[in-house]
Enquirer: 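Before I ask anything, here is the structure I am working with.
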Amino acid sequence: MIGYQIYVRSFRDGNLDGVGDFRGLKNAVSYLKELGIDFVWLMPVFSSISFHGYDVVDFYSFKAEYGSVREFKEMLEAFHDSGIKVVLDLPIHHTGFLHTWFQKALKGDPHYRDYYVWANKETDLDERREWDGEKIWHPLEDGRFYRGLFGPFSPDLNYDNPQVFDEMKKLVLHLLDMGVDGFRFDAAKHMRDTIEQNVRFWKYFLSDLKGIFLAEIWAEARMVDEHGRIFGYMLNFDTSHCIKEAVWKENTRVLIESIERAVVGKDYLPVNFTSNHDMSRLASFEGGFSKEKIELSISILFTLPGVPLVFYGDELGMKGVYQKPNTEVVLDPFPWNENMCVEGQTFWKWPAYNGPFSGISVEYQKRNPDSILSHTMRWMRFRKENQWIDRAKIEFLRKEEKFLVYRLYGDQYSLKVFHNLSGEEVVFEGVKMKPYKTEVV
Ligand SMILES: [Ca+2]
């Protein structure tokens with residue numbers, strides 16, 4: 001199974017306004033099918049006032065510029081006709097500030113007041129979030145404080161209130177009923193206070209639901225494992241980072257340790273990825289652009305057990321450096337052709353890193369067998385022909401500083417994978433590994 005993460009606004013336009021939308025996505029199905037994608041993860045598509053959409057104001061309508069419910073359904077159908085599943089990003093840890101529930105709560109409606117989390121006398125109003133020290137409690141003019149772990153525009157929902165739980169369950173059932181194939185649950189580790197409570201929450205929430213459920217649990221191995229059992233798929237931040245770190249530093253150790261920690265012997269499928277919207281792109285990993293290293297990272301991704309997931313444009317080697325607070329900078333329009341003026345091209349912002357005529361477009365790279373896109377497509381084809389690797393076991397045959405050999409095996413199949421992380425040619429067991437190349441025997 002191969003996944004592909006899409007920021008809809010930047011992907012493909014269907015009505016000549018330069019903003020990506022459902023109609024455009026429908027027209028992009030042939031490209032995704034050619035890549036061999038099995039499921040797409042669409043970043044938030046619900047009504048929201050932000051560019052990223054993680055602060056939803058209405059879960060029952062879509063961003064106006066993305067399209068109508070009818071267009072959404074047509075898009076779903078087009079994906080399904082090509083055998084591609086659609087997974088929606090679902091940020092249900094909080095709502096947007098302008099969601100009617102929060103607006104009613106602000107006006108004193110006791111029913112909706114209890115949908116959110118309010119400070120009481122014992123609350124430490126100076127409480128900070130662990131990862132960057134930002135404040136969690138936000139003041140209102142009337143002296144009350146509400147909790148918003150992800151900032152003042154995103155008030156936290158109160159999952160102590162069974163009505164909130166029921167609302168979200170109802171939403172999920174509604175979307176599945178519409179034909180959606182699964183969800184990527186945003187901020188999934190923050191629903192409850194402790195790991196145990198959180199795991200119990202998800203177990204209860206997902207019980208009797210069928211689909212692809214990806215969880216964003218950006219945490220240490222134990223926390224990931226405990227949630228993995230419930231979700232079945234886990235975004236593997238650990239290995240996804242360590243592939244790049246090992247390749248860029250030309251040292252296999254971090255990668256081997258990460259595979260042992262986050263891939264081997266799991267009772268769920270680790271979802272290994274190139275990069276995502278919360279970090280710099282693969283092609284802009286520390287130390288900057290290196291075609292060989294980008295390609296080697298992609299080769300490693302497609303020769304590991306689990307599910308390979310590509311962030312839109314990483315197959316082209318699109319660049320992008322993540323920076324706060326302008327996090328949209330990393331979400332450049334996907335370049336369909338060199339002049340970026342073709343029908344379907346998005347252009348909602350000037351590309352910060354991947355401008356016209358930079359030799360990066362789909363059209364340009366497809367013509368060149370030595371391009372990053374052609375390289376990625378070869379590995380995607382390999383993976384498509386070897387779907388058993390998703391659940392393969394792995395045995396290390398050689399752990400050298402600069403090269404690595406392992407065996408992937410299942411009940412019926414077995415392959416040897418050789419990764420050369422150095423700029424020198426390496427020969428092992430008669431297999432010649434060119435600099436920064438992967439060989440499969
Ligand atoms: Ca549009």
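Hydrogens, waters and symmetry mates play no part in the numbers below; they use all other heavy atoms, side chains included. Ligands are counted one by one from 1 in listed order, and the atoms in each one are counted from 1 as well.
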Enquirer: Quick one: salt bridge (Lys or Arg N to Asp or Glu O under 4.0 Å) pairs with a partner in residues 285-300, sequence neighbours left out?
Expert: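 Pairs touching residues 285-300 that pass the test: Glu250-Lys293, Lys291-Glu295.
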
Enquirer: Which value, rounded to the nearest 0.5 Å, describes the distance between Leu304 atom CG and His419 atom NE2?
Expert: 6.0 Å

Enquirer: Please tell me whether Asp13 and Thr346 have a donor and an acceptor in their side chains that are separated by less than 3.5 angstrom.
Expert: no

Enquirer: When you check the space around the Ca ion (ligand 1), which protein N, O or S atoms turn up under 3.0 Å?
Expert: Asp13 OD1, Asn15 OD1, Asp17 OD1, Val19 O, Asp21 OD2

Enquirer: Test the Lys85-Phe79 pair against the cation-pi criterion, namely NZ or CZ under 6.0 angstrom from the six-membered ring centroid and within 45° of the ring axis.
Expert: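 Not satisfied by the 6.0 Å and 45° rule.
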
Enquirer: Check whether the side chains of Ser371 and Tyr364 place a donor and an acceptor atom closer than 3.5 Å, and report yes or no.
Expert: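 Not at all, the side chains of Ser371 and Tyr364 share no donor-acceptor pair under 3.5 Å.
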
Enquirer: Which distance, rounded to the nearest 0.5 Å, do you find between the OH of Tyr353 and the OG of Ser280?
Expert: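 Between atom OH of Tyr353 and atom OG of Ser280 there are 7.0 Å.
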
